[in-house]
Amino acid sequence: MHRLFLAVLVVPLCALAQGAQLVDRIVAVVNKEVITLSELDVAVASAERQLRRQGTAVPERAVLERQILERLILDKAQLQRARDTGIRIDELQLDRAVQRIADNNKMTLADFRRALERDRVAFDAWREDLREQIMLSRLRERDVDDKIQVNDSEIELFLAALKANPERSEYNVSHVLVRVPEQATPERIEEARARAQKALAEARAGGDFANIVAAYSDAPDALQGGNLGWRPHERLPELFASALATMKPGEVSEPLRSPAGFHVVKLHERREGGASAAPVIQTRARHILVRTSEVVSENEARRRLADLRERIVNGKADFAALAKAHSDDAASAARGGELDWIYPGDTVPDFERALQELRPGGLSQPVKTPFGYHLIEVLERRASDVSQERRRLEARKALRDRKSEEAYLEWLRQLRDQVYVELRLEER
């Protein structure tokens with residue numbers, strides 16, 4: 001992945017390299033669609049570049065081909081399901097997503113396109129891959145995340161556990177997943193267990209864990225080293241959290257069995273989190289929103305807000321009156337642009353960054369977010385204990401996050417088992 005895109009989007013594996021010589025041969029059939037050797041070769045080359053940029057040793061070609069082909073099969077199966085169930089990304093939505101990525105990299109669209117081409121990625125193919133990645137994201141939201149349920153008893157148990165242990169551990173952790181089919185024979189299960197044990201043996205012998213993940217893991221994050229980053233105990237899958245509670249940094253777990261398969265978990269670092277009842281800083285603010293559209297361009301939105309800001313700063317107009325007259329956020333416009341007290345994490349990152357940079361009484365320049373452009377004024381701040389209602393909301397979110405990872409891997413396994421797949425990679 002090009003360094004420009006690290007904080008924004010993983011460049012999809014199947015983006016076509018410019019000038020690639022494609023030789024078509026079918027290497028897999030997924031339902032009624034095929035994956036060709038040319039697709040696989042380009043995806044493998046992209047994966048090799050990504051691994052080298054990360055400083056990760058590239059596995060043997062045959063190993064990497066197997067990993068990437070399985071990933072392409074899963075992507076193909078998900079895209080088929082997305083299309084069959086009506087998920088579409090139109091040209092306008094796609095154009096806005098491309099523009100957002102360019103803006104987040106602080107580049108014009110033209111400069112962003114040139115950066116892709118310097119990385120030997122054809123812009124048109126990358127754009128189509130972005131469309132597919134958005135479709136996959138929406139499919140996961142609909143088929144997995146929206147179906148996760150958290151009941152009141154789970155929340156009560158979660159809050160009771162936090163109260164009993166307010167000093168919470170956080171973990172920097174990576175994992176290998178060896179997938180097991182839903183109706184696997186005992187022999188197939190033992191084969192997967194042996195593969196997980198082999199990964200464990202290499203890790204405990206001092207092998208680089210990111211290399212081991214790239215060679216063995218069936219998880220979607222395999223090419224990113226299987227790293228989950230820093231996670232608090234309560235936001236990890238329960239299977240991982242239980243194992244990590246007794247592990248020391250540098251240790252690797254025995255294979256852990258879940259419905260999705262066998263996991264091998266490595267703990268890189270551990271730190272103690274703050275007390276759950278620590279006060280938080282809330283911000284009371286108001287804003288004026290101008291949404292962009294086919295009629296209102298980004299330049300026009302910025303110009304409108306710049307004009308409004310100048311009128312406010314010069315004392316020629318009142319913020320609340322202008323919000324009522326000009327803001328496209330109907331809910332807050334009726335209140336003069338006022339928002340409820342805002343907790344950290346309540347707003348999208350761009351809006352929150354702007355809030356943090358302002359002192360009470362401060363007025364921002366036009367701020368871009370996925371919703372449009374905002375003029376933001378901070379009215380006051382306060383340190384406040386988290387309310388009981390807020391704690392319950394946070395507990396529900398933590399439990400949903402914990403369940404989401406497990407549910408997604410299980411959903412992928414079930415989807416993979418349901419599709420017809422014919423492998424032809426060995427037909428050289």
Side-chain angles (χ1 to χ4, degrees), residues 100 104 141 145-146 148-152 154-156 158-159 162-163 166 168 232 234-235 273-293 296 301-302 304-306 308-309 311-313 317-401 404:
R100 270 200 309 274
N104 288 340
E141 289 172 2
D145 296 339
D146 289 351
I148 294 172
Q149 296 184 351
V150 177
N151 60 46
D152 289 343
E154 289 177 296
I155 292 173
E156 295 299 339
F158 181 90
L159 292 173
L162 285 186
K163 188 174 181 180
R168 294 168 290 166
E234 66 273 11
R235 279 189 163 86
S276 60
V280 295
I281 302 299
Q282 294 177 279
T283 303
R284 189 165 71 90
R286 55 187 179 182
H287 79 138
I288 299 171
L289 168 67
V290 175
R291 298 187 191 276
T292 55
S293 65
V296 180
R302 285 194 296 266
R304 287 186 190 179
L305 288 179
L308 296 179
R309 186 180 190 279
R311 292 170 63 187
I312 294 167
V313 170
D318 174 68
F319 190 106
L322 293 180
K324 290 178 181 178
H326 297 280
S327 182
D328 290 331
D329 178 10
S332 68
R335 302 192 301 269
E338 280 212 35
L339 304 166
D340 294 328
W341 281 97
I342 299 169
Y343 284 86
D346 275 355
T347 60
V348 294
D350 293 324
F351 196 98
E352 183 160 332
R353 278 192 292 270
L355 279 182
Q356 292 172 347
E357 292 171 0
L358 292 171
R359 296 179 178 179
L363 184 64
S364 74
Q365 297 291 337
V367 174
K368 184 179 182 181
T369 77
F371 302 103
Y373 282 85
H374 309 253
L375 193 62
I376 306 168
E377 182 181 23
V378 169
L379 300 173
E380 58 180 314
R381 287 196 171 93
R382 70 183 182 191
S384 172
D385 289 339
V386 179
S387 69
Q388 183 62 24
E389 181 183 355
R390 184 75 184 190
R391 287 193 184 96
R392 292 183 68 84
L393 288 172
E394 291 180 350
R396 186 180 298 276
K397 183 179 185 306
L399 288 166
R400 285 180 60 85
D401 289 348
S404 175

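- Residue pairs satisfying the salt bridge (Lys or Arg N to Asp or Glu O under 4.0 Å) criterion with at least one member in residues 342-351, sequence neighbours excluded, are listed as follows: D346-R390, D350-R353.
- Checked against salt bridge (Lys or Arg N to Asp or Glu O under 4.0 Å), R286 has the following partners two or more places apart in sequence or in another chain: E377.
- Legend: residues meeting side-chain contact (heavy atoms from CB on, under 4.5 Å) with A325, ordered by chain and number and at least two apart, are absent.
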Only distances under 3.5 Å count here; give the side-chain donor-acceptor pairs of residues 337-345 to other protein atoms, sequence neighbours excluded, each with its distance to 0.1 Å.
| unit_1 | atom_1 | unit_2 | atom_2 | d |
| --- | --- | --- | --- | --- |
| E338 | OE1 | R284 | NH1 | 2.9 |
| E338 | OE2 | R284 | NH1 | 3.3 |

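- Scanning for side-chain contact (heavy atoms from CB on, under 4.5 Å) contacts around L358 gives S364, I376, V378, with sequence neighbours left out.
- Residues meeting the side-chain hydrogen bond (donor to acceptor under 3.5 Å, both in side chains) test with E234, sequence neighbours left out: R168.
- Applying the side-chain hydrogen bond (donor to acceptor under 3.5 Å, both in side chains) test to R382 and every residue at least two apart in sequence or in another chain returns Q282.
- Take A334 and apply the side-chain contact (heavy atoms from CB on, under 4.5 Å) test, not counting sequence neighbours, and it matches no residue.
- Under the rule for a side-chain hydrogen bond (donor to acceptor under 3.5 Å, both in side chains), the partners of R235 that lie at least two apart in sequence or sit in another chain are D401.
- With sequence neighbours excluded, the residues that form a side-chain hydrogen bond (donor to acceptor under 3.5 Å, both in side chains) with E156 are R392.
- Screening residues 319-331 for salt bridge (Lys or Arg N to Asp or Glu O under 4.0 Å), with sequence neighbours left out, gives no hits.
- Not counting sequence neighbours, E141 has no partner by the salt bridge (Lys or Arg N to Asp or Glu O under 4.0 Å) test.
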